[in-house]
Amino acid sequence: MNAAVEEIDIAIIGAGIVGIAAAAYLVNAGRKVTVFDRTGICEETSSGNAGAFAFSDVLPLAHKGMMRNVPKWLADPLGPLSIPPSYLPKLLPWLYRFWRAGAPAGYEASLATQAGLMKLAEQEWVSLMARSGTGSLLREDGSLELYESEAEFKEALPSWAARDRFGIAHHHLDRGELADYQPGLADRFTRGTFVPVWKTVSDPKDLGKAVWRHVEAHGAIFVKGDVGLVRPAGDRVLIQLKQGRTLFAQKVLIAAGAWSHLLARQLGDVIPLETERGYNTTLPTTAFDVKRQLIFPGHGFVITPLATGLRVGGAVELGGLSRAPNYARSKAMLEKAKMFLPGLDPSGGREWMGFRPSLPDSLPVIGGSRNHPNVHYAFGHGHLGLTQAAATGRLVRDHMLGQRPALDLTPFSAQRF
């Protein structure tokens, strides 16, 4: 063997929560895993999300009335949805696919697929947290969704009826009951829905690093490096880092989030992945006594109490990978949070922007490359990467090791587009 070339068993490209969860399942199956990432373990998008295990969030994004609200939201450059005008021409093919994904013909299939993945996700997170000793990071306080009018509440009822069909518990609340679930709310909120099965974690970055410690203890290796080339080479796969290092792997899993489709394209899989740029501000823990995650569906953001601070964030900016962050969006959400929680102290916050990898039908890609049996994919989870990471890890392990997956992977195929 050439001294400049290294041989490894399984390579995982991407050390976000999905890649780390997949590594956990593979090392628990006795495989030797090397994880590559340009930054570190859960240092990018997986570090700044809202920390929710959103197992009840079974409706695909295209079915949440988003298309109906697009004109109104786009009229507000700092609202729940933003598309930079110069990026719109590039985005149009994705938007067309997104619109098609919301058609009634595919609704039932999409709903059932998402619900099945969420059920598996909840089961597998229980298992993974037990194995990795991370159960103390779980919070089971539920969530509170808030509405500013009876009309907004009634508009949400069909989505709750859909959840009813899958046994997802929730309780609708009148104005007088809201203070029992969150004292100090503004009077503008007239109704709410409490979801007792909704869970959060004390901090998503801390969880990812804690799971990694479990993975590392089972022999996994981390390599800091930016993968520039993935190419089959006989019965192996060549990986070349932009820093110059070259390795051969028996199997490769691409779990590089919003950058994954660029590597998949090298392998002949053209996948319509777009980037939802999400923003937040994390305030000190003393900013306000928030009891549980608060969700503001009409404004597209949430407030989450974490062990490391109070995180105010969400919204969607469909703007690709290269544009500079527009932190005016973080500031706009913080201004709304001050209105919604009178008495909130907005000082001392840390602003952040991350890239959510999103596919038009709101389902991730989980499965194999079209042409290369030793290359596998796990990306495109949108807002639900943390939620679905353990289920994805289980499915990836089964698929990579030739076992029967716990779910039919056809709806998640990279070739479905």
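Because the structure is a prediction, the values reported are computed rather than measured.
Separation of atoms CG (L185) and CG (L178) is listed at 6.5 Å; rounding is to 0.5 Å. Taking CG from L59 and OG from S110, the interatomic distance works out to 10.0 Å, rounded to the nearest 0.5 Å. Atoms CG and OG1, from L128 and T134 in turn, are 6.0 Å apart once rounded to the nearest 0.5 Å. One finds the OG atom of S260 at 12.0 Å from the CG atom of D269 (value rounded to the nearest 0.5 Å). The structure places CG of L262 at 8.5 Å from CG of L273, a figure rounded to the nearest 0.5 Å. Taking NZ from K336 and CG from L341, the interatomic distance works out to 14.0 Å, rounded to the nearest 0.5 Å.
Minimum interatomic distance between V18 and A255 (heavy atoms only, all atoms of both residues): CG1-CB, 4.4 Å. Across A186 and P342, no two heavy atoms sit closer than the pair N-CD, 3.7 Å.
Side chain of Q243 to main chain of D226: a donor-acceptor pair is present (N/O by atom type, distance under 3.5 Å, no hydrogens or angles). No donor-acceptor pair under 3.5 Å is formed between the side chain of W198 and the backbone N or O of D141. E7 contributes no side-chain N or O that, together with a main-chain N or O of Q250, makes up a donor-acceptor pair within less than 3.5 Å. Side chain of Q182 to backbone of D289: a donor-acceptor contact under 3.5 angstrom is found. Not a single donor-acceptor pair under 3.5 Å links the side chain of N49 to the backbone N or O of P204. Side chain of D345 to main chain of A287: no donor-acceptor pair is present (N/O by atom type, distance under 3.5 Å, no hydrogens or angles). In terms of modelled atom types and a separation under 3.5 Å, the side chain of T45 and the main chain of F355 share a donor-acceptor contact. Side chain of R277 to backbone of R323: a donor-acceptor contact under 3.5 angstrom is found. With hydrogens and angles disregarded, a donor-acceptor distance shorter than 3.5 Å links the side chain of D37 to the backbone of A15. A side-chain donor-acceptor contact under 3.5 Å links H218 to the backbone of H214.
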*Starting from the C-alpha separation in whole Å, work towards a yes-or-no answer on side-chain contact (heavy atoms from CB on, under 4.5 Å) for Y327 and T281.*
CA-CA 9 Å; Y327 287 117; T281 303; over 6 Å; no
*Could you please spell out the steps behind the side-chain contact (heavy atoms from CB on, under 4.5 Å) verdict for L267 and I254?*
CA-CA 11 Å; L267 299 157; I254 295 176; 3.9 Å; yes
*Test side-chain hydrogen bond (donor to acceptor under 3.5 Å, both in side chains) on E145 and Q293 and set out the steps.*
CA-CA 9 Å; E145 193 155 317; Q293 188 171 77; over 6 Å; no
*Do L318 and L81 pass the side-chain contact (heavy atoms from CB on, under 4.5 Å) test, and can you show the C-alpha distance, the side-chain angles, and the key distance before you say yes or no?*
CA-CA 8 Å; L318 293 167; L81 173 65; 4.0 Å; yes
_Apply side-chain hydrogen bond (donor to acceptor under 3.5 Å, both in side chains) to residues S82 and E317 and explain how you reach the verdict._
CA-CA 5 Å; S82 174; E317 181 185 53; 4.5 Å; no
*Just do the side-chain contact (heavy atoms from CB on, under 4.5 Å) check on L111 and F166 with the steps written out, would you?*
CA-CA 10 Å; L111 181 62; F166 294 96; 3.5 Å; yes
*Quick one: do T392 and H381 satisfy side-chain hydrogen bond (donor to acceptor under 3.5 Å, both in side chains)? Show the steps, please.*
CA-CA 10 Å; T392 302; H381 296 77; 2.9 Å; yes
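Contact annotation: the side chain of F296 never approaches that of Y147 to less than 4.5 Å [non-hydrogen atoms, C-beta and beyond]. For the pair F53/L386, a side-chain contact is recorded, criterion being any heavy-atom separation below 4.5 Å from C-beta on. Residues K209 and E43 form a side-chain contact, since some pair of their non-hydrogen atoms from C-beta on lies under 4.5 Å apart. Side-chain contact between L117 and L395 is present, with at least one heavy-atom pair separated by less than 4.5 Å. Between C42 and I20, some side-chain heavy-atom pair lies under the 4.5 Å cut-off. Two residues are said to be in side-chain contact when any heavy atoms from C-beta on lie closer than 4.5 Å; V396 and D398 fail this criterion. Looking at L310 and I303, their side chains come closer than 4.5 Å, going by heavy atoms from C-beta outward. Contact check for R191 versus D174: side-chain heavy atoms found under the 4.5 Å cut-off.
With F189 as the fixed residue, the ring-ring contact (aromatic ring centres under 6.0 Å, His included) test singles out one of Y181, F153, F340: F340. Checked options V33, I12, V375; the residue passing with L253 is I12 (criterion: side chain to side chain contact (heavy atoms under 4.5 Å, CB included)).
Annotation: cation-pi pair R38/W259 present, NZ/CZ under 6.0 Å from the ring centroid and within 45° of its normal. In this structure, R97 is not positioned above the aromatic face of W94 in the sense of NZ or CZ being under 6.0 Å from the six-membered ring centre and within 45° of the axis. Taking the ring centre of Y25 as origin, the terminal cationic atom of R394 falls outside the region bounded by 6.0 Å and 45° from the ring axis.
Salt bridge E216/R213: absent, no basic N to carboxylate O contact under 4.0 Å. In this structure, R416 pairs ionically with D361, as a charged nitrogen and a carboxylate oxygen lie closer than 4.0 Å. In summary, E150 and R175 do not engage in a salt bridge, as defined by a charged side-chain N under 4.0 Å from a carboxylate O.
Checked by atom type, the side-chain pair Y279/E351 shows no donor-acceptor distance below 3.5 Å. R311 and T282 form a side-chain donor-acceptor contact under 3.5 Å, judged by distance and modelled atom types alone. Side-chain contact annotation: Q388 with Q114, donor-acceptor N/O pair under 3.5 Å present. Under 3.5 Å, the side chains of N374 and R236 contain no donor-acceptor pair of N or O atoms. With hydrogens and angles left out, the side-chain atoms of E274 and H261 include no donor and acceptor closer than 3.5 Å. A side-chain donor from one of T193 and H172 sits under 3.5 Å from a side-chain acceptor of the other.
Applying the side-chain hydrogen bond (donor to acceptor under 3.5 Å, both in side chains) criterion to R350, with sequence neighbours excluded, gives no partner residue.
Y96 and F98 have their aromatic ring centers separated by at least 6.0 angstrom.
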